[in-house]
Participant: 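Below is the structure I would like to discuss, written out as structure tokens.
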Amino acid sequence: MILDKSYEPKKVEDKWYKVWEEKGYFEPSFDKNKPKFSIVIPPPNVTGVLHIGHALNNTIQDVLARYKRMDGYDVLWIPGTDHAGIATQNVVEKEIAKEGLTRQALGREKFIERVWQWKERCGNIIIDQLKKLGASCSWSYQRFTMDEGLSRAVKEVFVNLWKEGLIYRGDYIINWCPRCGTALADLEVEMRETQGKLWYLKYPLEDGRGFVVVATTRPETMLGDTAVAVNPEDERYKALIGKFLVLPLIGRKIPIIADKSVDPEFGTGAVKVTPAHDFADFEMAKRHNLPLVKVIGEDGFMTEEAGPYKGLERYEARKKVLEDLKTQGFLEKEEDYKLILGHCYRCDTVIEPLVSKQWFVVTKPLAQPAIAAVEYGFIKFIPENWTNLYFDWMRNIRDWCISRQIWWGHRIPVWYCKDCGETIVSKEEVVERCPVCNSEKVYQDEDVLDTWFSSALWPFSTMGWPEKTETLTTFYPTSVLVTSFDIIFFWVARMIMMGIHFMGQIPFQKVYIHALVRDEKGQKMSKSRGNVIDPLLMIEKYGSDALRFTLIALAAQGRDIKLSEARIEGFKHFINKIWNASRFVLMNIEPESAEVEIAPAKLPLWHRWILSELQRTVKKVREKLEEFEFDQAAMEVYHFFWGKFCDWFLEVAKVYLKKEETKLQTQKVLLEVLTTCLKLLHPFIPFVTEEIWAYLPKKDTEHIIKTNYPVFKEHLLDELAEEKVQFLQELTIGIRNIKAEYGLTAKTDLKVFYHCSEDQYLNLLSQENEVIEFLAKVKKIEGVKQHTKNKGEVSYILSKGEVLINLENLIDLEKEVQRLTKEKEKLESKLKQIEKKLSNQEFLEKAPKEVVEKEKGAYQEFKDRLKVILRYIEDLQKN
RNA sequence: GGGCGGAUAGCUCAGGGGGAGAGCAUCGGCCUUACAAGCCGGGGGUCAGAGGUUCAAAUCCUCUUCCGCCCA
């Protein structure tokens, strides 16, 4: 059967994906005899679309899954999506806004209904896109964080943590997004430097004896000041500690306190303390028992406490406050100042720190074993430099604010009794009566849980926990987690904490942190920059395999990927190359070749060589895959396939295929090498390999996905063949070089001499001259032991001997002298280097013997070559 | 301010103590029936700078400069 002239991914990709899925190849077998390999997908947002980061992330997982599956493992790869509370709610809010609706107008129940509708409509988009990419997920395990089972796990965890005293509710300062109308965890706030101003405010002393000047970037919060603090060591203010100030505009009496946390270098050294709206001030207030005055509300508008400023939006209030301070003489000066402001990671609104009643998880006791698990090496980060980042964060972890004032998410399983005030924490769906006073006036907490709360349970909730399922006993802990560094805190660390706490076991043995995909200039891809590369468009244009191979080939550990469309196009050429090489092999295969046994001893030199090189490739690829160096694994096959198999062996094979006595074994070797390469490549480029597999005359499984990954066969290594072929290649390149330099086309009939004093090389040539003549496209090559150089001859010096071509009057003497002189100079500089080494006594004494021997060998070789070159140059110049 | 990473060919990057590599780009020649998405050949680098360790440094150590990212 003959393949089409070029590979067209669009014709085959969907077809093969369907076959794989229908045959159930992605599903685990629970075969007791097989080693286990499991991964849980980092669940993408249910309403999201596949971006290039997902493409990389899932390609890596797929490479691992397919490789392990082929290597005899029972593989479970759990896919699924995340409900992404705030993000999804925002999307749906925008959607209903088009109908002139707000979620408040719709009401909680109706709104949630709309979100579910949205999820049903769009939730599968990203799943289908993963399939386009070729992801071999175990789809029967597909989960969604709001599924019934996972919701049950969430409740279970919440209730248990509460019972253990690891969840509490209280009034604390938190990050508040006035636009989303919810609290955020510290992590969900993005800090960015912003150009702002520093205002110097004058607070008069109560006794009328002057002022204390404080500097602030947020003058509107002065309405909520409950103290002014100075450093206890600050001589300027020592005398004032304990005295009182009168807060301008408001007239409240506030004390001057001493606190070590105050930086005397900042501003005037005296700072205003607004415990309800600043994290540091909140802590300070706790230390000094200061009251909290909340002047900015959850809506971003000023509260009752703000007196005359009540009802003003926070930035309006700032303007007004500054105006009033100025007119009343309390504003000393203002200067430009760079400050760092928190922004909501979902909507980018400037965060308002404020005191509010929220739910928290006590993290220290959970973090401790999670740190230990990594310290003791039960969990390994790859590359390992991420370990430190993990430790840093875990050792300084703060309690985790888990309540969100939105509607889309897991509702907090807590009810309150209106009559007796009891807090009821329950796994029940509905609580109707207060267990303490039996009142029916119970109501559920309005808040939902942070989305990451449910994600933290993902490795075991997806496997059916809290049930003791077979999946859990078989596949937990998972083998590896594949993700990017930006969610190490959000997700990875929290999974480790929850996994250890609830399963008594780590959730995964390895964490492979891959690169971030950037654009060709190294900038983060974003819609607003307009520099996104859409993976689906790339699949459409170049095929899934080309995209996958590009991502893998560029994904070196510890470095970001700079991706451009041109790279994908480039690797598409490789896919096509594989196609065409296969086409060649299949065109030349006859059924009889199937019966041939590969007996290395009986094979021609080149055959032994390619099989040997193939084995080296198999070994390397396996090693690199085990080390998570996917780029190098991919490039190993790439170089072998293109640089050795296609460039050399396929050409050589053309000679052997013509001869009756070598025809069949050559066919066999061609097929063997091709088949092995396809297997090696399948995890990277599943579609094209599966398609070609379908055309192979003889194969061990119906589909390549089910075949065994190639195993290194040491007995096929043949160093002698490698050395010989290396020499033959050098010889071939020498001839081609001369031909190219003199513009001789394939059609010129040329006779070439190979001159060498050593019999072994002459013998080798006499055995292989037919192949070399074909490769170098010359009529005749003859080895000679003795040779007197003819005037019209051009030469090319090899490591052993030299190539000579008689060009008669075609020769360009000047050019030839130039060429040889260049060669001469190269050799001389190399010789100089080696001479320097060899004349160094210490080198001879201290360097390892092999190194010294190698240098000596090289010295001799270069010396010989130089001698020949010098003689030739001299000859040429005589004319 | 603290931490991490990077600086190697025009571009994108591998390499990580012993003769500077790949892909793309470039130049020259080829429609040689697997492939012009290709083949053949060539040019191109004081491996950021300065010190040090070593017989030997692109590679290890120190410092400097510049560029990213993370945290405060």
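These numbers come from the heavy atoms of this one structure, side chains and all, not from hydrogens, waters or symmetry mates. The chains referred to below are lettered A, B, ... by the order of the sequence lines, with proteins before strands, and numbering in each begins at 1.
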Participant: May I ask you to say what A:Ser6 touches in the nucleic acid, namely base, sugar-phosphate or nothing, with a heavy-atom cut-off under 4.0 Å?
Facilitator: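 Base, at least one base atom sits under 4.0 Å.
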
Participant: In chain order, what residues pass the side-chain hydrogen bond (donor to acceptor under 3.5 Å, both in side chains) check against A:Lys380, with sequence neighbours excluded?
Facilitator: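 With neighbours one apart ignored, the set is empty.
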
Participant: Between A:Lys654 and B:A34, is there a contact of a side-chain N or O with OP1 or OP2 at under 4.0 Å?
Facilitator: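 Looking at the OP1 and OP2 atoms of B:A34, one of them is under 4.0 Å from a side-chain N or O of A:Lys654.
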
Participant: Considering only atom C1', compute the distance from B:U46 to B:A57 and round it to an integer number of Å.
Facilitator: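 Comparing C1' positions in B:U46 and B:A57 gives a spacing of 14 Å.
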
Participant: Check the phosphate of B:C35 against A:Lys5, side-chain N and O only, distance under 4.0 Å to OP1 or OP2. Yes or no?
Facilitator: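 Yes.
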
Participant: Which residues satisfy the side-chain hydrogen bond (donor to acceptor under 3.5 Å, both in side chains) test with A:Gln729, sequence neighbours excluded?
Facilitator: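 A:Gln729 satisfies side-chain hydrogen bond (donor to acceptor under 3.5 Å, both in side chains) with no residue once adjacent residues are dropped.
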
Participant: Taking B:U59 as the reference, what is the distance to B:G16 when you measure between their C1' atoms (whole Å, please)?
Facilitator: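 Comparing C1' positions in B:G16 and B:U59 gives a spacing of 4 Å.
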
Participant: Looking only at side-chain atoms of A:Arg583, point me to the closest of B:C35, B:G18, B:G41.
Facilitator: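 Nearest to the side-chain atoms of A:Arg583, counting from C-beta on, is B:C35.
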
Participant: Could you list, one pair per line, each protein nitrogen or oxygen that sits under 3.5 Å from a nitrogen or oxygen of nucleotides 20-29 of chain B, together with the distance?
Facilitator:
from, atom 1, to, atom 2, distance (Å)
B:A22, O2', A:His639, NE2, 3.0

Participant: When the C1' atoms of B:C40 and B:C55 are considered, how many whole Å apart are they?
Facilitator: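 My reading of the C1' atoms in B:C40 and B:C55 gives 43 Å.
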
Participant: Side-chain N or O of A:Lys577 versus OP1/OP2 of B:C39: is the shortest distance under 4.0 Å?
Facilitator: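 Yes.
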
Participant: If you look at every strand shown and take non-hydrogen atoms under 4.0 Å, does A:Asp647 touch a base, only sugar-phosphate, or nothing?
Facilitator: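 Here A:Asp647 touches the backbone only, sparing every base.
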
Participant: Using a cut-off of 4.0 Å on non-hydrogen atoms, how would the nucleic acid contact of A:Ile834 be classed: base, sugar-phosphate, or nothing?
Facilitator: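 If one applies the 4.0 Å heavy-atom cut-off, A:Ile834 turns out to touch nothing in the nucleic acid.
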
Participant: Between C1' on B:C40 and CZ on A:Phe774, what's the gap in Å once rounded to a whole number?
Facilitator: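 My rounded result for the distance is 13 Å.
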
Participant: If the C1' atom of B:G45 is compared with that of B:A7, how far apart are they to the nearest Å?
Facilitator: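 Taking atom C1' in both B:G45 and B:A7, they lie 14 Å apart.
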
Participant: With A:Phe489, which residues qualify under side chain to side chain contact (heavy atoms under 4.5 Å, CB included), at least two apart?
Facilitator: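 Residues passing side chain to side chain contact (heavy atoms under 4.5 Å, CB included) with A:Phe489: A:Leu187, A:Leu389, A:Trp393.
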
Participant: Rounded to the Å, how far apart are A:Trp393 CH2 and B:A72 P?
Facilitator: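 Nearest whole value for this atom pair: 11 Å.
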
Participant: In whole angstrom, give the distance that lies between atom CD of A:Gln729 and atom C1' of B:C40.
Facilitator: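 From A:Gln729 CD to B:C40 C1': 14 Å.
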
Participant: Could you state the CZ-P distance from A:Phe574 to B:G38, rounded to the nearest angstrom?
Facilitator: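 Those two atoms, CZ and P, are 12 Å apart.
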
Participant: Consider the side chain of A:Asn580, meaning its heavy atoms from C-beta on, and name the nucleotide among B:A34, B:C55, B:G42 that approaches it most closely.
Facilitator: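 Shortest atom-to-atom distance from the side chain points to B:A34.
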
Participant: Checking A:Trp579 against A:Glu691: is there a side-chain donor and acceptor pair closer than 3.5 Å?
Facilitator: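 There is no such pair (donor and acceptor under 3.5 Å, judged by atom type) between the side chains of A:Glu691 and A:Trp579.
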
Participant: In whole Å, what separates the P atom of B:G17 from that of B:A36?
Facilitator: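 Nearest-Å result for B:G17 against B:A36 at atom P: 43 Å.
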
Participant: Expressed as a whole number of Å, how far does the P atom of B:A37 sit from that of B:G44?
Facilitator: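 To the nearest whole Å, 29 Å.
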
Participant: Quick one: on RNA chain B, does A:Thr732 or A:Glu8 contact a more 5' nucleotide (nearest heavy atom)?
Facilitator: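 Nearest nucleotide further toward 5': that of A:Glu8.
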
Participant: Quick one: which of B:C35, B:G42, B:A14 gets closest to the side chain of A:Gln632?
Facilitator: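 Nearest nucleotide to the side chain: B:A14.
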
Participant: How far does the C1' atom of B:G49 sit from the matching atom of B:A14, given to the nearest Å?
Facilitator: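 Per the computed distance, 24 Å lies between those C1' atoms.
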
Participant: What is the distance, to the nearest angstrom, from the CD atom on A:Glu629 to the C1' atom on B:G15?
Facilitator: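 Taking CD of A:Glu629 and C1' of B:G15, I get 11 Å after rounding.
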
Participant: Take the protein atom CG of A:Asn396 and the nucleotide atom C1' of B:C71, then report the distance between them rounded to whole Å.
Facilitator: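 To the nearest whole Å, that distance equals 10 Å.
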
Participant: Of all the choices, B:C55, B:C35, B:G18, which nucleotide is nearest to the side chain of A:Glu842 once you look at every atom?
Facilitator: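 In terms of side-chain proximity for A:Glu842, the closest of B:C55, B:C35, B:G18 is B:C55.
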
Participant: Which one, B:G18, B:A34, B:C40, comes nearest to the side chain of A:Glu651?
Facilitator: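 The nucleotide sitting nearest to the side chain is B:A34.
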
Participant: Who are the side chain to side chain contact (heavy atoms under 4.5 Å, CB included) partners of A:Val868, not counting sequence neighbours?
Facilitator: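 For A:Val868, the residues satisfying side chain to side chain contact (heavy atoms under 4.5 Å, CB included) (neighbours in sequence not counted) are A:Ile797, A:Glu802, A:Tyr872.
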
Participant: If I pick the C1' atom on B:G43 and the same atom on B:U53, what distance separates them, to the nearest angstrom?
Facilitator: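 It comes out at 37 Å once rounded to the nearest Å.
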
Participant: When the distance from CG of A:Asn388 to P of B:G3 is rounded to whole Å, what number comes out?
Facilitator: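 Rounding to the nearest Å, CG of A:Asn388 and P of B:G3 are 11 Å apart.
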
Participant: Quickly work out the A:Lys836 NZ to B:G18 P distance and round it to whole Å.
Facilitator: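 Result: 16 Å.
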
Participant: Using the benzene-type ring in the case of Trp, are the ring centres of A:Trp386 and A:Phe381 under 6.0 Å apart?
Facilitator: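 They do not qualify: ring centres at least 6.0 Å apart.
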
Participant: Could you note down all residue pairs passing side-chain hydrogen bond (donor to acceptor under 3.5 Å, both in side chains) where residues 843-856 of chain A supplies at least one of them, sequence neighbours left out?
Facilitator: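 Listed once each, the pairs are A:Glu842-A:Lys846.
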
Participant: Could you work out, with side chain to side chain contact (heavy atoms under 4.5 Å, CB included) as the rule, every residue matching A:Glu722, not counting sequence neighbours?
Facilitator: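 Result, side chain to side chain contact (heavy atoms under 4.5 Å, CB included) vs A:Glu722: A:Trp609, A:Ser612, A:Glu613, A:Arg616.
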
Participant: Using a heavy-atom cut-off of 4.0 Å across all strands, would you classify A:Glu850 as base, sugar-phosphate, or nothing?
Facilitator: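 Since no nucleic acid heavy atom lies under 4.0 Å of A:Glu850, the category is nothing.
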
Participant: Taking salt bridge (Lys or Arg N to Asp or Glu O under 4.0 Å) as the test, write out the residues that go with A:Glu730, two or more places apart.
Facilitator: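 None.
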
Participant: Under 3.5 Å, is there a donor-acceptor pair linking the side chains of A:His514 and A:Thr483?
Facilitator: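 Side-chain D/A pair, A:His514 to A:Thr483: absent.
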
Participant: Quick check: on RNA chain B, is the nucleotide nearest A:Glu861 upstream (toward 5') of the one nearest A:Asn588, or the reverse? Name the residue that is more 5'.
Facilitator: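 Nearest-nucleotide comparison on RNA chain B picks A:Glu861.
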
Participant: For the ring pair A:Phe641 and A:Phe684, is the centre-to-centre distance below 6.0 Å?
Facilitator: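 That pair fails the under 6.0 Å test.
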
Participant: In sequence, state the C-alpha distance, the side-chain angles, and the governing distance for A:Met635 and A:Gln632, and then conclude on side-chain contact (heavy atoms from CB on, under 4.5 Å).
Facilitator: CA-CA 5 Å; A:Met635 290 318 281; A:Gln632 294 185 40; 5.7 Å; no

Participant: Picking from B:C40, B:C55, B:C69, which would you name as closest to the side chain of A:Phe485?
Facilitator: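 In terms of side-chain proximity for A:Phe485, the closest of B:C40, B:C55, B:C69 is B:C69.
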
Participant: May I ask you to evaluate whether A:Asn737 reaches the phosphate of B:G42, defined as a side-chain N or O under 4.0 Å from OP1 or OP2?
Facilitator: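 Yes, within the criterion.
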
Participant: How would RNA chain B look in dot-bracket form, 5' to 3', counting Watson-Crick and G-U wobble pairs with both distances under 3.5 Å and writing | for bases paired to another strand?
Facilitator: (((((((..((((....[..)))).(((((.......))))).....(((((..]....)))))))))))).

Participant: Which part of the nucleic acid, if any, lies within reach of A:Ile340 when heavy atoms closer than 4.0 Å are counted: base, sugar-phosphate only, or nothing?
Facilitator: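 Answer is base: heavy atoms of A:Ile340 come under 4.0 Å of a base.
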
